Amino acid sequence: IENIALVDSLTLSFDSSFTVLTGESGAGKSVLLDCLQFVAGSSRSRAELGLPTRDGRVEAQFHLSAEETSVIREKLEAHGIPVEDELVLRR
């Protein structure tokens with residue numbers, strides 16, 4: 001994501017309780033949330049995110065627990081999308 005940030009890899013772990021994302025100003029909290037919203041289908045345009053109109057790409061890879069996989073698998077397979085223990089979203 002050249003115009004926003006260049007992040008090769010980032011690992012976040014969430015559990016079923018309350019999660020807080022904290023950090024210094026300029027650490028990238030908003031960038032992370034903007035990109036997750038975008039890859040999940042946000043209606044914000046590529047230009048609003050500062051992405052090049054043709055070559056920019058946001059990709060998120062999720063490693064799912066067995067419980068998460070069953071819930072997500074049911075929803076995605078209803079649309080013909082197979083799901084394993086890993087889910088990759090690209091936009």
Side-chain angles (χ1 to χ4, degrees):
I1 314 167
E2 294 176 19
N3 292 358
I4 298 175
L6 183 56
V7 178
D8 184 47
S9 178
L10 172 69
T11 301
L12 295 174
S13 297
F14 300 100
D15 60 25
S16 61
S17 61
F18 184 70
T19 300
V20 176
L21 185 61
T22 66
E24 299 282 331
S25 292
K29 300 175 297 294
S30 295
V31 171
L32 172 65
L33 295 176
D34 285 346
C35 290
L36 286 174
Q37 288 175 336
F38 181 75
V39 78
S42 166
S43 62
R44 290 181 65 189
S45 72
R46 300 170 78 79
E48 287 176 297
L49 284 175
L51 289 171
T53 55
R54 292 178 37 213
D55 298 328
R57 179 177 74 201
V58 177
E59 180 176 297
Q61 180 179 13
F62 300 92
H63 297 278
L64 307 169
S65 70
E67 181 181 312
E68 294 164 328
T69 303
S70 66
V71 172
I72 292 171
R73 176 178 282 126
E74 182 181 305
K75 293 179 181 187
L76 293 179
E77 285 183 347
H79 296 283
I81 303 168
V83 178
E84 305 274 332
D85 61 343
E86 183 176 279
L87 176 64
V88 178
L89 301 176
R90 290 184 189 98
R91 186 168 173 205

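Every heavy atom of this structure was used, including side-chain atoms; hydrogens, water molecules and symmetry mates were not. These figures come from a predicted structure and were not determined experimentally.
Here Lys75 contributes atom NZ and Ile72 contributes atom CD1; the two are 8.0 Å apart, rounded to the nearest 0.5 Å.
For Glu86, the CD atom counts as densely surrounded, since its 6.0 Å shell holds more than 12 non-hydrogen atoms of other residues, nucleotides or ligands.
Between the side chain of Lys29 and the backbone N or O of Leu21, no donor-acceptor pair lies under 3.5 Å.
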